[in-house]
> 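Take a look at this one; I'll ask things after.
Each chain gets a letter, A, B and so on, in the order its sequence line appears, and its residues count up from 1. Note that the coordinates shown come from a computational prediction; the quantities given were computed from them, not determined experimentally.
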Amino acid sequence: LWAAEAVAPDAVNFTDAGGIAESLSGTPGDVENGAALMNKGAGNCIACHQVTALNDLPFHGEVGPSLDGVGERWDEAQIRGIVADAKKTFPGTIMPSFYKTGPYERPGDGYTGKAAQGELDPLLTAQDVEDVVAFLMTLDTYPE
Amino acid sequence: APAIVTAQDDAADRELVINGEIEIVTEADAPAHLENMSTIRSGWTFRSPETQTMQMDDFDNPGTLGVEAAREAFSADLGNGESCAGCHESPEELAGVRAVYPKWDADAGAVQTIEMQINECITERAGAEAWGYDSGEMIDMSALMSFVSRGEAVNVAIDGPAAETWEKGKEIYYTRYGQLELSCANCHEDNYDNMIRADHLSQGQINGFPTYRLKNAKLNSVQGRFKGCVRDTRAETFSPGSPEFVALELYVASRGNGLSVEGPAVRN
């Protein structure tokens, strides 16, 4: 699942503030793939967040804050920590933990409603997290 | 888009009167046991004006077909010569019943949903074969039971012998299930009126059930809806008819005490 040099979900070092200083994959993030993950699949961030740079996509949610300007509000380490496990930065937040494998209450097998088979993969891979972080770092302005 | 927001604001201000005569309470003070909300609102108030309008006249409400099917089933042979009508003169005789379900049943020694009550009649009273808990015929009959109670205030009992089940349901409501770690409350208490992707989140009230959903073009049961919502958290769901969902149904119903029964409602 993750390349040999990737940090495993249960081995991630969070700072006291909930950030992650080091890259999880060791490979620089891909902004374009990060943008794609914001829209669909296991990321689906815009289900909850509005992002002006992704305005070509319909239906941005309102459950979380707009991500416009996040790259200016937070440094890269903190954004990596929020994407990997936002509960370390915002205790009790509704935002799912994307680089975590449990423990969960009644974990399912994806969206089938059936019980999970064996160990779960994190929602995003180490490289996916890096790609999303790279995309978020480009959101450093506050569009009108 | 601002235009949609305006339409929804208008939608929330509309009043629901069915067939020009049945007045439905779609907004009320929250019952005393609800700690985190002051006003309760029917799912109807969150829908688009077009969807709302479909529920204002039984000729426009596709759920009426299920009600009519159940009316026929009411006087039909249950398989051994008995029928609902043999014991209950008409569906109207059961008016008001829906509003207090789920409720404690002393003989069964358990809280029962209306589906369980119907199956108790079918099996224990009529001696016939049980209907599937979430089968089409059961959902239709449940819709008929709602239909004859429309306008009655939801008033399920949460104290006395029902208290234990109610507490269990409440615990389930606030448990964060699945890999997305989301509870019912995360979406329907903390975020109602917000958009989650293309969906305008309601309070997840069940006074409108069974609901005719435009999305799957059929009547949907309460617990079928619960199952879908739990599945969407990437969790292993509970099954319709399970003790967990019965407890959850009692608890969620009690969150709507004071709204009117309005099923079969129309939802998207």
> Roughly how far, to the nearest 0.5 Å, is OH of A/Y104 from CZ of B/R234?
9.0 Å
> With a 4.5 angstrom heavy-atom cut-off, which part of B/N191 approaches chain A: side chain, backbone, both or neither?
side chain
> Looking only at non-hydrogen atoms, find the nearest pair between A/Y111 and B/L180 and report the distance.
OH-CD1, 3.8 Å
> Is it true that A/R106 and B/E244 have a side-chain N and a carboxylate O under 4.0 angstrom from each other?
no
> Examine whether an atom of B/L182 lies under 4.5 Å from a heavy atom of chain A, and if so say whether it belongs to the side chain, the backbone or both; otherwise answer neither.
side chain
> Within a 6.0 Å radius of atom NZ on B/K103, are there more than 12 heavy atoms belonging to other residues, nucleotides or ligands?
no
> If you define the side chain from C-beta out and look only at heavy atoms, does anything of A/D109 sit under 4.5 Å from B/E236?
no
> For A/N39, is it the side chain, the backbone, both or neither that has a heavy atom under 4.5 Å from a heavy atom of chain B?
both
> Within a strict 4.5 Å, meaning less than it, do heavy atoms of the A/F59 and B/I196 side chains meet?
no
> Would A/T112 and B/R231 count as a side chain to side chain contact (heavy atoms under 4.5 Å, CB included) here? Give the steps.
CA-CA 7 Å; A/T112 63; B/R231 183 196 54 219; over 6 Å; no
> Using a 6.0 Å cut-off, check whether atom CG of A/D16 has over 12 heavy atoms from anything other than its own residue.
no
> Return the minimal non-hydrogen interatomic distance between B/T175 and A/E105, and the atom names on each side.
CG2-CG, 3.6 Å
> So, the side chain of B/Q179 versus the backbone of A/P122: is there a donor-acceptor pair under 3.5 Å, distance only?
no
> Do A/I46 and B/R197 come close enough that some side-chain heavy atom pair is under 4.5 Å?
yes
> Between A/E62 and B/M195, is there a donor-acceptor pair closer than 3.5 Å when you use the side chain of the first and the backbone of the second?
yes
